[in-house]
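One structure is given here, and the rest of the page talks about it.
Note: hydrogens, waters and symmetry copies are ignored here, and every other heavy atom, side chains too, is used.
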Amino acid sequence: MNETDPLVVFTPSGKRGRFPKGTPVLTAARQLGVDLDSVCGGRGICSKCQITPGYGEFSKHGVTVHQDALSEWNAVEERYDQKRGLKAGRRLGCQAQVMGDIVIDVPPESQVHKQVVRKAASARVIQMDPATRLYFVEVDEPDMHEPTGDLERLERALREQWEIDEITADLTLLSKLQPVLRKGKFRVTVALHQSHLESVPQVIEIWPGLHESGLYGLAIDLGSTTVAAHLTDLESGEVKASSGIMNPQIRFGEDLMSRVSYAMMNPGGDQEMTRAVREAINTLAEEIAKEAEIDPSLIVETVFVCNPVMHHLLLGIDPVELGQAPFALATSDSMALEARELDLSAINTRARVYLLPCIAGHVGADCAAVALSEEPGKSDDLALIVDVGTNAEILLGDKSRVLACSSPTGPAFEGAQISSGQRAAPGAIEAIRIDPETKEPRFRVIGSEKWSNEAGFAEEVGPGGITGICGSGIIEAVAELRMAGLMDESGLIGSAEATGTARMVAEGRTHSYLIYDATDEGGPRITVTQGDIRAIQLAKSALYAGARLLMDERGVDKVDRVVLAGAFGAHISAKHAMVLGMIPDVPLDKVTSAGNAAGTGARIALCNVGARREIERVVREITKVETAIEPKFQEHFVAANAIPHKTDPFPELAKVAPLPNPSFNTGGAEDGARRRRRRG
């Protein structure tokens with residue numbers, strides 16, 4: 001391997017390396033520890049190693065990918081495609097060879113360790129008033145002496161039996177109306193959709209006789225990194241199944257501005273990203289229906305919440321205007337659409353789609369959904385609500401006024417851009433504690449309730465073993481390093497000599513903390529590197545600076561309570577968040593978790609049409625603060641680079657004993673000072 005070899009970048013893991021021309025993609029993946037499945041030994045039989053190459057300019061990765069970056073389609077792939085079929089754009093990783101710089105996406109179905117939905121549905125009592133309902137009617141049979149059409153007699157039956165004056169139906173429904181009426185002997189069940197934006201209800205579906213198989217909707221939180229869906233019973237509000245996948249757009253850029261840049265620099269790039277995300281949503285819908293054992297045609301409604309860039313790419317709108325001031329949206333209003341307009345073919349062909357309104361600029365429908373779920377405008381005390389993802393949505397408010405902003409935290413909190421990082425899947429370290437005396441770690445992985453130092457841990461983890469560290473794990477690891485005195489407030493990791501532990505491993509001019517090493521058995525080596533610390537510092541600084549900016553706007557130095565939303569909120573302790581300086585200091589008992597608040601807001605809007613009217617009203621009253629043009633954002637950001645931060649120290653850290661060698665380096669204080677100047 002040398003610097004002239006092609007560079008291979010895998011997404012969503014972010015792992016990269018250089019490989020000689022002719023190296024099979026599967027080989028490159030295995031050598032980098034990328035989660036790419038294969039059970040046939042690379043013979044092109046099992047299809048487990050399917051990958052999606054990306055072409056064009058990827059400024060985020062510093063790579064321009066040409067069409068000849070992979071070897072040509074070969075006979076093995078051709079044979080497999082003819083027999084079983086490959087999705088458009090897919091290649092077999094065991095057959096495709098690296099010929100030039102390439103960005104390769106590993107789709108969820110090709111990953112060994114399947115994703116855990118960290119955005120699971122939160123328990124919530126929702127008043128049911130859905131837009132789509134079932135109505136059983138008895139329709140008059142045709143009469144030669146009264147020449148009216150079947151649709152008109154169905155409309156009359158609904159008027160007489162349910163006081164519904166008027167209906168509309170599209171051609172696809174009309175084409176099945178007559179056979180269904182006759183099969184049901186003119187007793188049928190119809191699903192009517194009554195939007196609050198339209199006066200006449202639409203017939204979505206019709207069944208012969210009494211339909212008793214239920215009616216369902218999807219509440220979808222379309223995030224930059226993950227897509228989470230909740231299959232919801234439209235009669236009871238019960239969540240029948242929840243599922244999530246990685247957003248395939250990651251291969252075009254891990255953060256939103258990288259995707260906007262990709263659209264700017266690659267003609268047709270926005271359409272590429274639109275196709276990718278719509279295909280992913282269809283796949284997710286198929287999987288969730290299969291999991292719940294329901295017919296996908298019974299999914300008759302979908303509600304989406306997403307940030308503005310994802311909003312535009314879902315709708316097929318070029319997001320280029322969102323990449324430059326004044327960050328103009330094509331529309332900020334809510335939208336009611338037909339599923340087929342978004343190519344959502346995996347659900348009912350006549351299903352309806354509702355998108356919550358965006359607040360403005362980079363504060364999107366996901367933030368509106370959090371406002372719908374958490375209702376800061378009804379709070380007696382001043383509440384700071386933080387929904388952490390690749391883009392953090394932040395709300396600050398009470399009954400007098402609500403403010404909102406979006407802060408570009410990046411994908412580090414999701415486990416991306418981290419040396420041993422991975423998505424939340426079985427085997428990923430999700431929690432960690434470091435003994436301040438011995439400096440030894442103990443940790444817990446997804447799929448096990450036991451800590452690593454407890455009896456039976458290895459048996460409970462199972463044959464899959466420990467695979468990496470996810471977002472919640474790396475956040476806790478960095479906070480624990482600070483509390484154990486292994487890292488100073490600037491984020492500099494100490495040497496073995498300075499810290500007194502051999503777990504500090506020299507890596508060039510910096511050091512890493514070794515959490516777990518199974519390389520002797522062919523397993524992973526999991527460390528926290530100086531680069532990992534920097535990625536977390538940048539992410540948490542953006543988050544804290546956004547919160548401080550809203551507090552400045554309100555003219556306050558303290559908030560009464562903090563609500564942590566999203567996967568982060570459900571899996572990170574308040575103490576670790578404050579040690580890092582992710583959120584302003586409040587008493588620990590005033591920090592609560594709201595779970596997936598954006599997803600909950602989507603479910604509320606799915607199940608209650610009145611909630612749609614309410615959020616459309618509320619967003620007009622929220623004051624939006626634009627972080628990108630506020631000079632004080634940069635001031636807060638720089639101060640927040642310290643751990644926890646320069647201006648608001650967490651009292652708990654007063655207990656951390658200073659290290660004997662303040663330079664944290666075997667080269668002495670002078671060398672340590674030089675390194676600090678370089679980092680600054």
Side-chain angles (χ1 to χ4, degrees), residues 13 33 35 37 111-118 120 242 413-415 418-487 493-494 496 499-505 511-529 532 536 564 567-580 588 593 595 652 655-657:
S13 67
D35 193 15
D37 203 355
Q111 296 169 9
V112 181
H113 304 93
K114 304 307 178 188
Q115 182 177 7
V116 175
V117 184
R118 302 307 291 265
S242 293
F413 289 149
E414 308 272 359
I418 301 300
S419 60
S420 299
Q422 65 164 91
R423 70 203 184 289
I429 295 173
E430 64 171 342
I432 184 170
R433 301 291 181 267
I434 299 175
D435 189 300
E437 298 297 327
T438 66
K439 316 301 183 188
E440 288 296 300
R442 60 187 178 96
F443 51 83
R444 198 175 62 229
V445 302
I446 296 174
S448 170
E449 293 299 316
K450 293 183 180 294
W451 288 85
S452 57
N453 61 339
E454 293 181 322
F457 170 78
E459 291 76 12
E460 196 167 288
V461 170
I466 299 160
T467 54
I469 187 165
C470 67
S472 61
I474 192 65
I475 291 166
E476 290 200 5
V478 176
E480 287 287 325
L481 285 171
R482 181 76 182 99
M483 288 191 289
L486 300 174
M487 179 181 74
I493 299 177
T499 60
T501 173
R503 286 195 172 270
M504 295 305 185
V505 181
H511 297 86
S512 297
Y513 178 77
L514 179 63
I515 297 175
Y516 175 76
D517 189 355
T519 51
D520 288 346
E521 301 123 39
R525 186 172 187 270
I526 301 171
T527 61
V528 180
T529 69
D532 298 339
I536 292 297
L564 300 176
F568 163 77
H571 295 91
I572 303 295
S573 71
K575 179 177 176 180
H576 287 93
M578 286 192 196
V579 167
L580 271 186
L588 290 178
S593 170
E652 191 81 15
K655 303 172 187 174
V656 176

Among Ile474, Ile515, Val528, whose side-chain contact (heavy atoms from CB on, under 4.5 Å) with Ile432 holds?
Ile515

Salt bridge (Lys or Arg N to Asp or Glu O under 4.0 Å) partners for Glu454, two or more places apart
none

Which heavy atom in Ile526 sits nearest to a heavy atom in Leu514, and how many Å separate them?
O-CD1, 3.8 Å

Can you name the closest pair of heavy atoms from Trp451 and Arg444 and give their distance?
CZ2-NH1, 3.3 Å

Taking all atoms of both residues into account, what is the closest heavy-atom pair of Leu486 and Lys439, and its distance?
CD2-CD, 3.7 Å

Just to verify, what does Thr527 make a side chain to side chain donor-acceptor pair (under 3.5 Å) with, not counting sequence neighbours?
none

Who are the side chain to side chain contact (heavy atoms under 4.5 Å, CB included) partners of Ala458, not counting sequence neighbours?
none

Under the 3.5 angstrom rule, does the side chain of Ser420 hit a backbone N or O of Ile469 as a donor-acceptor pair?
no

Check: Ser452 and Tyr516 side chains under 4.5 Å, non-hydrogen atoms
no

Check side chain to side chain contact (heavy atoms under 4.5 Å, CB included) between Ser448 and all other residues, then give those that pass, not counting sequence neighbours.
Val445, Lys450, Phe457, Glu460, Val461

Side chain to side chain donor-acceptor pair (under 3.5 Å) against Asn453, all qualifying residues, sequence neighbours excluded:
none

Tell me the closest heavy-atom pair linking Ile434 and Glu480, and the distance in Å.
N-OE1, 2.9 Å

Could you pull out all residues at least two apart from Glu476 that satisfy salt bridge (Lys or Arg N to Asp or Glu O under 4.0 Å)?
Arg433

Just jot down the side chain to side chain donor-acceptor pair (under 3.5 Å) partners of Thr501, sequence neighbours excluded, or say none.
none

Correct closest heavy-atom pair for Ala502 and Ala496 would be CA-CB, 4.5 Å

Under the salt bridge (Lys or Arg N to Asp or Glu O under 4.0 Å) rule, collect the residues that match up with Arg525, sequence neighbours excluded.
Asp517

Where Met487 and Val478 come nearest, the two heavy atoms and their spacing:
CE-O, 3.4 Å

